[in-house]
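On a predicted model such as this, the values are computed, not experimentally measured, just so you know. Naming: A, B, ... by sequence-line order, numbering from 1 per chain.
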Number of protein chains: 2
Amino acid sequence: MRVSPASRPTTKSPRTGRRPGTSSTREAILHAARRQFAEKGYAGATMRSIAAEAGVDASLVVHFFGNKPSLLAEAVEWPFDPAEAVPALLADGRRNVGRNLVALVVRTWDEEGTRHPVLTLLRAAMTEPQAAELMRTFLTEKLFMPLLAELGTDRPELRTDLAISQLVGLAVVRHVLELEPLAGLDATRVVAIYGPTIQRYLLDDLD
Amino acid sequence: MRVSPASRPTTKSPRTGRRPGTSSTREAILHAARRQFAEKGYAGATMRSIAAEAGVDASLVVHFFGNKPSLLAEAVEWPFDPAEAVPALLADGRRNVGRNLVALVVRTWDEEGTRHPVLTLLRAAMTEPQAAELMRTFLTEKLFMPLLAELGTDRPELRTDLAISQLVGLAVVRHVLELEPLAGLDATRVVAIYGPTIQRYLLDDLD
């Protein structure tokens, strides 16, 4: 939904226009949304409270983002660029892709902690079907489909679900339930334990 | 909290008494709680709405169960008796304990579907620290500590967290996010895929 540099100025809508203030208003709404989703959770933050914090009318939030699930989707900043991440995961060959993927995910979460927007999305997905659908699309399109296309293994959809099941479970135990000793375990140990699981789900024969 | 058959009658409190109506009132509250937690989720059901459905005053719900997390903990019916389950998991030796555990869990969930009380507890645990603590205690004391004591492996707390991370992730993908194809995968296939993961987490060398 970002305005590309090639967009030509028009007065039709703020989304396609380049009028002064449009992109800063949009950013102000996203900033307020990120803060409120992290602090209050998906259910606690409202379009109205986000608009108030951004200093705009709620109708403008609707105009820019449509509805709350879409606003959440835009507010979640994917923490790495898939176009760079996928080649990096495969940089030392297929045999380390499981470890590399766990390392990428664990380090990203550990840096930002329990308020990471992806964790907000995960919490919301537990009760909101629209958020669950967003998370699915997000993980599948941004990460697993490009990765599995490179790996060329059979049944990419099932392998995606298997890897998501372990990574989501790890996120839940480490950052939501915060079960010890796993919550405090060094990232290197987490990678050593979970790397082989993800490796098997992505590459081994499943039948 | 159940009144054991050996309890001697007293008029001190309904919890220790055997007066007619006490246990049926308690059961009526639990029945209403199970229905409402399943239908409305943890946040949607209130002590008041549960009391209303059970036809009692809200103060009686507090008297019997204390607070909402405790009521949830009592309402979650552990779907098997650990005293029987643990020996059954080990019936064909240590080499099949991973598969047996996954089979037990998957079959239990598949029977009751998305409204299973354990899934209600899991959803609640995502946002309510008290529910997260209950879930942890529940899984650890009822299942993993007795099982790992039998297995005799090192680091039982870490192994418990690892197994929970995969089983919770499987529950989330299959019954909450309902990602296909995993959500619709035959239980036998699920056991074949996840059995080796749990086996490794419970028994293999982690260092």
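With B:Arg136 contributing its side chain and A:Glu178 its backbone, the two residues share no donor-acceptor pair below 3.5 Å.
At a threshold of 4.5 Å between non-hydrogen side-chain atoms, the residues A:Leu206 and B:Arg189 count as touching. At a threshold of 4.5 Å between non-hydrogen side-chain atoms, the residues A:Leu158 and B:Ile193 count as touching. In this structure, B:Ile164 and A:Leu182 have side chains that are not in contact, with every pair of non-hydrogen atoms separated by 4.5 Å or more. Under the 4.5 Å side-chain criterion, counting only non-hydrogen atoms from C-beta, A:Asp161 is not in contact with B:Arg174.
Your options are B:Leu179, B:Val173, B:Leu167, B:Val168, and the one with the most heavy-atom pairs under 4.5 Å with chain A is B:Leu179. Your options are B:Thr140, B:Asp204, B:Leu177, and the one with the most heavy-atom pairs under 4.5 Å with chain A is B:Leu177. Among the candidates B:Pro196, B:Ser165, B:Ala132, B:Ala125, the residue making the largest number of heavy-atom pairs closer than 4.5 Å to chain A is B:Ser165. Each of B:Gln166, B:Arg155, B:Arg200, B:Glu133 has some count of heavy-atom pairs under 4.5 Å with chain A, and the biggest count is that of B:Gln166.
Proximity to chain B (any heavy atom under 4.5 Å) is restricted, for A:Ala192, to the backbone atoms N, CA, C and O.
Heavy-atom contacts from other residues, nucleotides or ligands closer than 6.0 Å to CD of B:Glu180 number more than 12.
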